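Quick caveat, the model's predicted, so the values are computed rather than measured. Letters A, B, ... mirror the listed sequences (proteins, then strands); counts begin at 1.
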Protein chains: 2
Amino acid sequence: MATIKDIALKTGLSPTTVSRVINNHPYVDKTKRKKVLEAMEELSYVPNSSARRLRGQRTNTIAVIISRIVNPFFSHLVDAMGEIATEEGYQLVLCDSRLEKKRELQHLELLKTKQVDGVILASLQNKWEDIEPYTRYGPVISCNEYDSKAQMPSILCDQKQGGYMAVKHLIERGHTKIACAGGALRIELTRDRYRGYEEAMMEADLPVQEEFVFSSSYGIEDGKEVFRRIYAMENRPTAIFAGGDEVAAGIISEAKKMKFRIPEDLAVVGFDNQPIAELIDPGITTIDQPMKYMGTRAMQVMLDMVANNREVTYTREILPLELVIREST
Amino acid sequence: MATIKDIALKTGLSPTTVSRVINNHPYVDKTKRKKVLEAMEELSYVPNSSARRLRGQRTNTIAVIISRIVNPFFSHLVDAMGEIATEEGYQLVLCDSRLEKKRELQHLELLKTKQVDGVILASLQNKWEDIEPYTRYGPVISCNEYDSKAQMPSILCDQKQGGYMAVKHLIERGHTKIACAGGALRIELTRDRYRGYEEAMMEADLPVQEEFVFSSSYGIEDGKEVFRRIYAMENRPTAIFAGGDEVAAGIISEAKKMKFRIPEDLAVVGFDNQPIAELIDPGITTIDQPMKYMGTRAMQVMLDMVANNREVTYTREILPLELVIREST
DNA sequence: CTGAAAGCGCTTACAG
DNA sequence: CTGAAAGCGCTTACAG
């Protein structure tokens, strides 16, 4: 592998000058520049990034932490982030926490060991007090998930409003026994949706029944399981608000298998507005999240910080959510 | 940020000894080791990866090139790869080519510039002759897609068999006018599926009609478009073999909208056995691909090569495909 | 068991 | 416009 030294030797110039050519500095004699360029071509020289990283103290790499890449919500988010990153000449390291605190922390170590310039937390398994120590090693921002105690830039949606809209819609459809199946309750995003649910119920003077609250539901299988538990109940809910379209799809799928009519026997609201929400039969009424915008915006904010060495200041961008009505309600 | 030098200074030992402790070398005096460990703790020392990369000429990072992360097939593949990578202490750089040759080549540059130790091509937009030059910079293997001219390790499925099985199944169901909607025909994987289609047709003495062959179909929207074109035909096919469950789902969705009965008016076979194949109504008959195994195996092969500096030898692992019958046929 | 020295490949202030 | 020198932070032969 040719190095700068080889080019210098071949051209009879100094490594300094070669470096200047590589980095497009002005003030290099045109003839010499050409000579260097030719030598680079001939020896098929390519600058060694490890050396550049060490010297420049930058990696041009951003880590994004998600909790489950097979969730279409996250793959769309990552897709949008990757597009911006590539455009700006950055690499994206994909870090899957698989909902585990330990893995999330392991991934944050990348910042400590200078393997990445910044970390975007699209999922947040740990408390702020456990994340905070990492922020002294580089910019950390959150996107999608958040922690109200956190002093970091965050791009997020108004999840409480989302929960409220979803449940209010069900109430307007005449339901009074409404269940709720979200993620783990230790997650603030989940709790906020739940608060929206409670608020809508209270506003309508409806009781929140503990046995109607399911937690830690994420995938299709979880949705099926939720339905099975509902099915086994004496006193069943007539509607359910799910914390994701995958869960909603699982509920609907299992319900249909048991000859339930949707929405007559069970109305279902999902979350995210994933492609599946439109494809499944009946189409899923859901809360649309601006995945593409969130991913794009988060990456822009991150790159602005690392490229311009901008101070990390605490800011929040809160995006509105939207109800999309289909046939499941 | 504390460096090895700081630890050396603080403990009165040499950087060499400190390095030995960090790297768990034997033959370090127990008292001194303890002293170093304490100093590291106190100064919250973390080794700088850029320096290690430069010195060690390794990055502990693998790039995986896919063509569309929002395709569940790829997100499942990447998920499996990431699990192994994390387990072995490697990072995964996600590279999306968006079906573009240029982007794929740009991502391969990562190998040249020593940003990654190896590249897994899960998608293959370029011809082998354009990929080959990169192989001198480090191991390149393919997983899922392949090129019969390529001299690189490949984990792949017998796509021709897949196409054959799918179409034979449709023929057995009594169909004679069978369409086909795959990816771009410049892709060998797509051509092989098409060959399987042709073989099954010929075997049954059925003509392959040019207007029944749709190409460059990938997502749900493409599937809808394919159906619209079928719908507009004078002489319509009665069955279609799609090159992915997303395309199949799009076809079915649009067909239902136009009051087509599936499979009576149009039978549909998909590919991959994605979660959606089971959720949609009717369930999609499809060809199951061992996504998890492929991803796992590809990463294992790659890590074996980089970790043990194994020579890159040309090997192919060809996995069988399986027909999963549901209600769409 | 330990350390001085060299070097991985680059870039950048400094001096000219 | 150009180059000698220093240094980013680490590891590893080599010598003891």
Side-chain angles (χ1 to χ4, degrees), chain A residues 1-37 39-40 43-61 109-117 137-138 309, chain B residues 1-37 39-40 43-61 109-117 137-138 309:
Chain A
M1 291 280 347
T3 69
I4 269 199
K5 227 167 132 191
D6 299 322
I7 309 288
L9 244 45
K10 190 173 174 88
T11 55
L13 294 162
S14 74
T16 310
T17 302
V18 177
S19 172
R20 288 207 183 91
V21 173
I22 295 169
N23 293 288
N24 267 314
H25 279 238
Y27 309 136
V28 179
D29 182 88
K30 268 180 194 154
T31 331
K32 289 179 183 155
R33 159 164 283 141
K34 207 180 146 210
K35 224 164 137 187
V36 169
L37 256 16
M40 279 169 55
L43 302 183
S44 61
Y45 168 80
V46 185
N48 179 308
S49 327
S50 299
R52 285 185 146 178
R53 286 180 181 221
L54 177 57
R55 180 56 231 236
Q57 306 282 39
R58 304 173 83 279
T59 65
N60 282 284
T61 306
E109 291 284 324
L110 293 174
L111 199 56
K112 249 193 187 171
T113 57
K114 303 283 178 215
Q115 313 222 40
V116 301
D117 292 334
Y137 301 102
N309 230 317
Chain B
M1 291 276 351
T3 70
I4 269 199
K5 228 166 131 190
D6 299 322
I7 309 288
L9 244 45
K10 191 174 173 85
T11 55
L13 294 162
S14 74
T16 311
T17 302
V18 176
S19 172
R20 287 206 182 93
V21 172
I22 294 168
N23 293 287
N24 266 314
H25 279 238
Y27 309 135
V28 179
D29 182 87
K30 268 179 194 155
T31 329
K32 289 179 183 154
R33 159 163 284 141
K34 208 180 144 210
K35 226 165 137 185
V36 169
L37 257 16
M40 280 169 56
L43 302 183
S44 59
Y45 168 81
V46 185
N48 179 308
S49 325
S50 299
R52 284 185 146 177
R53 285 180 181 220
L54 176 57
R55 180 55 231 237
Q57 307 281 40
R58 305 174 80 277
T59 65
N60 282 284
T61 305
E109 290 285 325
L110 293 174
L111 199 56
K112 250 194 187 170
T113 56
K114 303 284 179 212
Q115 313 222 44
V116 301
D117 292 334
Y137 301 102
N309 230 317

In whole angstroms, how far is the [atom2] atom of [N] from the [atom1] atom of [X]?
X: B:Arg53; N: D:dT11; atom1: CZ; atom2: P; answer: 14 Å
X: A:Arg33; N: D:dC1; atom1: CZ; atom2: P; answer: 9 Å
X: A:Met40; N: C:dG9; atom1: CE; atom2: P; answer: 16 Å
X: A:His25; N: D:dT2; atom1: NE2; atom2: P; answer: 13 Å
X: A:Arg58; N: C:dT12; atom1: CZ; atom2: C1'; answer: 16 Å
X: A:Lys5; N: D:dA5; atom1: NZ; atom2: C1'; answer: 14 Å
X: B:Ile4; N: C:dG3; atom1: CD1; atom2: P; answer: 13 Å
X: A:Gln115; N: D:dG9; atom1: CD; atom2: P; answer: 16 Å

For [X] and [Y], indicate whether the former's side chain and the latter's backbone hold a donor-acceptor pair under 3.5 Å.
X: B:Asn23; Y: B:His25; value: no
X: B:Thr16; Y: B:Ser14; value: no
X: A:Thr113; Y: B:Pro47; value: no
X: B:Asn48; Y: B:Ser50; value: yes
X: A:Thr11; Y: A:Ile7; value: yes

Is there a side-chain polar atom (N or O) of [X] under 4.0 Å from OP1 or OP2 of [N]?
X: B:Asn23; N: D:dT11; value: yes
X: B:Ser19; N: D:dC10; value: no
X: B:Gln57; N: D:dT11; value: no

Report task. On DNA chain C, check which nucleotide each of B:Leu54 and B:Leu13 is closest to and give me the residue with the more 5' one. Result ->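 Of the two residues, B:Leu13 wins.
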
Query raised in the report: Considering heavy-atom distances to DNA chain C, does B:Pro15 or A:Ile22 have its closest nucleotide positioned more toward the 5' end?
Result: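 Comparing both residues, the 5'-ward one is B:Pro15.
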
Kindly point out which of [options] is positioned nearest to the side chain of [X]?
X: A:Arg55; options: D:dG3, D:dG9, C:dT12; value: C:dT12
X: B:Lys32; options: D:dT2, C:dC1, C:dT12; value: C:dC1
X: B:Arg52; options: D:dG9, D:dC10, D:dA6; value: D:dC10
X: B:Ser14; options: D:dC10, D:dT11, C:dA4; value: C:dA4
X: B:Tyr27; options: C:dG3, C:dC1, D:dC8; value: C:dC1
X: A:Thr16; options: D:dA4, D:dT12, C:dC8; value: D:dA4
X: B:Ala51; options: C:dC10, D:dT2, D:dG9; value: D:dG9

Query raised in the report: Roughly how far apart, to the nearest Å, are D:dT12 and D:dG16 at atom C1'?
Result: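 Each nucleotide's C1' atom is 16 Å from the other's.
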
Report task. Pick base, sugar-phosphate or nothing for A:Pro26, based on heavy-atom distances below 4.0 Å to the nucleic acid. Result ->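 Here A:Pro26 touches no strand at all.
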
Requested in this report: Anything below 3.5 Å on both distances counts as a pair; with that, list the stems of at least three consecutive Watson-Crick or G-U pairs involving DNA chain C.
Outcome: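 Paired runs of 3+ in DNA chain C: C:1-3 with D:14-16, C:5-12 with D:5-12, C:14-16 with D:1-3.
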
Query - Nearest-0.5 Å distance that lies between atom CZ in B:Arg33 and atom CZ in B:Arg20 - result: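 Between B:Arg33 CZ and B:Arg20 CZ, I get 10.5 Å after rounding to 0.5 Å.
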
Query raised in the report: Do B:Thr61 and B:Arg53 pass the side chain to side chain donor-acceptor pair (under 3.5 Å) test, and can you show the C-alpha distance, the side-chain angles, and the key distance before you say yes or no?
Result: CA-CA 10 Å; B:Thr61 305; B:Arg53 285 180 181 220; 3.3 Å; yes

Query raised in the report: Can you find an N or O donor on one side and an acceptor on the other, under 3.5 Å apart, linking the side chain of A:Arg20 with the base of D:dG3?
Result: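 Between D:dG3 and A:Arg20, which were checked side chain against base, a qualifying N/O pair under 3.5 Å is present.
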
Query raised in the report: Knowing that exactly one of A:Val18, A:Asp6, A:Ile22 qualifies, which makes a side-chain contact (heavy atoms from CB on, under 4.5 Å) with A:Tyr45?
Result: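 Exactly one option meets the side-chain contact (heavy atoms from CB on, under 4.5 Å) with A:Tyr45, and it is A:Ile22.
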
